[in-house]
Asks: 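Below is one structure. I have some questions about it.
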Amino acid sequence: MSSGTRDIVAETLLKSEKTVFMNREVLRSDYIPEYLPHREEQIRKLTEVLSPLLRGERPSNVFIYGLTGTGKTAVVKYVLKRINEYAKRVGNNMFLPVYINCRHESTTYRVLSTLVESLGGKVPFTGLSTAEVFRRLKVKVNMTGGIVVIVLDEIDAMVKRVGDEILYRLTRVNEELERGKVSVIGITNDVRFRDGLDPRVRSSLSEEEILFPPYDALQLSDILRDRASKAFRPDAVGEGVIDYCASTAAREHGDARRALDLLRVAGEVAERLGDNVVRIEHVKIAREELESDMVSAVVKTLPQHGKMVLLSIALAGGRFSTTGELYIKYREISRSLGLEPVTQRRVSDIVSELETAGLVIAKVVNRGRYGKTKEVELAVDRNIIIKSLRDEARALGK
DNA sequence: CCTCCACAGGAAGCGCAGGAGT
DNA sequence: ACTCCTGCGCTTCCTGTGGAGG
């Protein structure tokens, strides 16, 4: 059967030669393109605000808000990069941008230690008091002697957990510094986030504000077309594919990241199937794959009882009309698996966590005489949830 | 108009793990 | 060896609340 083996190798090689991509990195959401369509106004405004950097002066703090996938992060990174290049050309680079994603670094301690680390300091991942880490930060900023532009992306994720005290201290730190200076760019996708802040923080953080409205389907099409021309081989994108991706993503609040992911994975699907043109059916498969990937990634990080609660909802047909019913079911399932159930209060928090993770939709409802409760419903396909839970259980060896 | 349901969700704190400084 | 710090998952106790039914 040596001829069979040779055939497989040859076939596989032939397939991988038939790629639809020229450069798939262009479609990744962390790629910063040379051109950001439909964000000219935001780019101009941010550049204006940050322009004092070139004169070695501290720019105003900026507050940026807009929904996910509206280009906030891309614009900030793009502008900072360009200013940096420009500053180097004119021989003035006394500023240092530091980018932090507060969803990943969601505590005061972790934000501060990441800051110190990006300035070349060292901090253990636990063990010090925050006051000590803050002191080290000041030392580092003083040592650079320039202006540190701190970008706090998804700032709401952190403030929701640990409050806004760190923002207060960061926006005031300049008063305690002799040489260096700090300015803060806060990015959030929670439009009402600003209202919940301490008034002192609000006024100092939003010396300037920039709003990023969602893209509509036409604008998304422009963005996709622009990227696709660099990402794919000519003629590798089938008719209507771009518009289909754009309108699918536009339905989900104009999220450009979604649209780009969809297009990239569709390309990967086409490639895998040995097709040299991306078609709409590939996009449909891509959509399912993306959802399933998102779910299993989230499920993996869930605490044990988080998985149990999710399982309870999935087994009950995907929804509960009261927290009480959910709790009874959850307790039953936990016990049957030999697990001591947690309190209802905790389950209530777990449901909120599942909601932030995008796995369920929870709505507070008032039923008058019959009390106030929460309706919970799965936000994704029930079978995908069950499959992810099963995979995860198997991975844990049980 | 008042009551009172069935919770939501805030506040405080606990025990443990991981680690620093002394 | 000892004290002190944080994050995490969790409990206990608590106050707040929109509206159906009286």
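When reading the values below, keep in mind they use all heavy atoms of this one structure, side chains included, and skip hydrogens, waters and symmetry mates. Treat the numbers as computed from the prediction; the structure is a model and nothing was measured. Numbers restart at 1 for each chain; the letters A, B, ... are given by sequence-line order, proteins then strands.
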Asks: How close do I361(A) and A379(A) get, heavy atom to heavy atom, and via which atoms?
Replies: CG1-CB, 3.8 Å
Asks: What is the distance, rounded to the nearest whole Å, between atom CZ of R345(A) and atom P of dT11(C)?
Replies: 11 Å
Asks: Return the nearest nucleotide to the side chain of S352(A); candidates are dC10(C), dG9(B), dG19(C).
Replies: dG9(B)
Asks: Quick one: sort the F232(A) and F21(A) rings into parallel, tilted or perpendicular, breaks at 30° and 60°.
Replies: parallel
Asks: Can you check whether R110(A) has a side-chain N or O nearer than 4.0 Å to OP1 or OP2 of dC8(C)?
Replies: yes
Asks: Has T343(A) got a side-chain N or O lying under 4.0 Å from the OP1 or OP2 atom of dT11(C)?
Replies: yes
Asks: OP1 or OP2 of dG9(B) sitting under 4.0 Å from any side-chain N/O of K374(A)?
Replies: yes
Asks: Of the listed nucleotides (dA20(C), dC10(C), dC7(B)), which one gets closest to any side-chain atom of Y370(A)?
Replies: dA20(C)
Asks: In whole Å, I'd like the distance from the CZ atom of R135(A) to the P atom of dG21(B).
Replies: 10 Å
Asks: Rounded to the Å, how far apart are E325(A) CD and dC7(B) C1'?
Replies: 13 Å
Asks: Calculate the interatomic distance between K372(A) atom NZ and dC4(B) atom C1'; express it in whole Å.
Replies: 14 Å
Asks: Between the side chains of N61(A) and S183(A), is a donor N or O closer than 3.5 angstrom to an acceptor N or O?
Replies: no
Asks: Restricting to non-hydrogen atoms, name the atom on R319(A) and the atom on S321(A) that form the minimum distance, rounded to 0.1 Å.
Replies: NH1-CB, 4.3 Å
Asks: Show your working on side-chain hydrogen bond (donor to acceptor under 3.5 Å, both in side chains) between D153(A) and Y99(A) and close with a plain yes or no.
Replies: CA-CA 7 Å; D153(A) 204 349; Y99(A) 174 85; 2.5 Å; yes
Asks: Once you round it to whole Å, what is the distance between P of dG7(C) and CD of E353(A)?
Replies: 16 Å
Asks: Can you find a donor-acceptor pair, distance only, under 3.5 Å between R367(A) side chain and dG21(C) base?
Replies: no
Asks: Report yes if a side-chain nitrogen or oxygen of T373(A) is closer than 4.0 Å to either non-bridging phosphate oxygen (OP1 or OP2) of dC5(B); otherwise report no.
Replies: no
Asks: Hey, does Q344(A) reach any base, or is it just sugar-phosphate, or nothing, if we go heavy atoms under 4.0 Å?
Replies: sugar-phosphate
Asks: From CZ of R331(A) over to P of dC10(C), roughly how many Å is that when rounded to an integer?
Replies: 16 Å
Asks: State whether R346(A) places a side-chain N or O below 4.0 Å from either non-bridging phosphate oxygen (OP1 or OP2) of dC10(C).
Replies: yes
Asks: Any side-chain N or O of Y327(A) under 4.0 Å from OP1/OP2 of dC7(B)?
Replies: no
Asks: Confirm from the modelled atom types if R369(A) and dG22(C) form a donor-acceptor pair under 3.5 Å, side chain to base only.
Replies: no
Asks: Mind calculating the distance between CZ (F134(A)) and C1' (dT6(C)) to the nearest angstrom?
Replies: 17 Å
Asks: In terms of side-chain heavy atoms of I350(A), which of dA8(B), dC10(C), dG21(B) is nearest?
Replies: dC10(C)
Asks: What heavy-atom pair brings D226(A) and P37(A) nearest, and what distance separates the two atoms?
Replies: OD2-CG, 4.4 Å
Asks: Just how far, in rounded Å, is C1' of dT6(C) from OH of Y109(A)?
Replies: 7 Å
Asks: Does a side-chain N or O of H305(A) approach OP1 or OP2 of dG9(C) to a distance below 4.0 Å, or not?
Replies: no
Asks: Looking at dC7(B), I'd like to know if its phosphate oxygens (OP1 or OP2) sit under 4.0 Å from a side-chain N or O belonging to T322(A).
Replies: yes
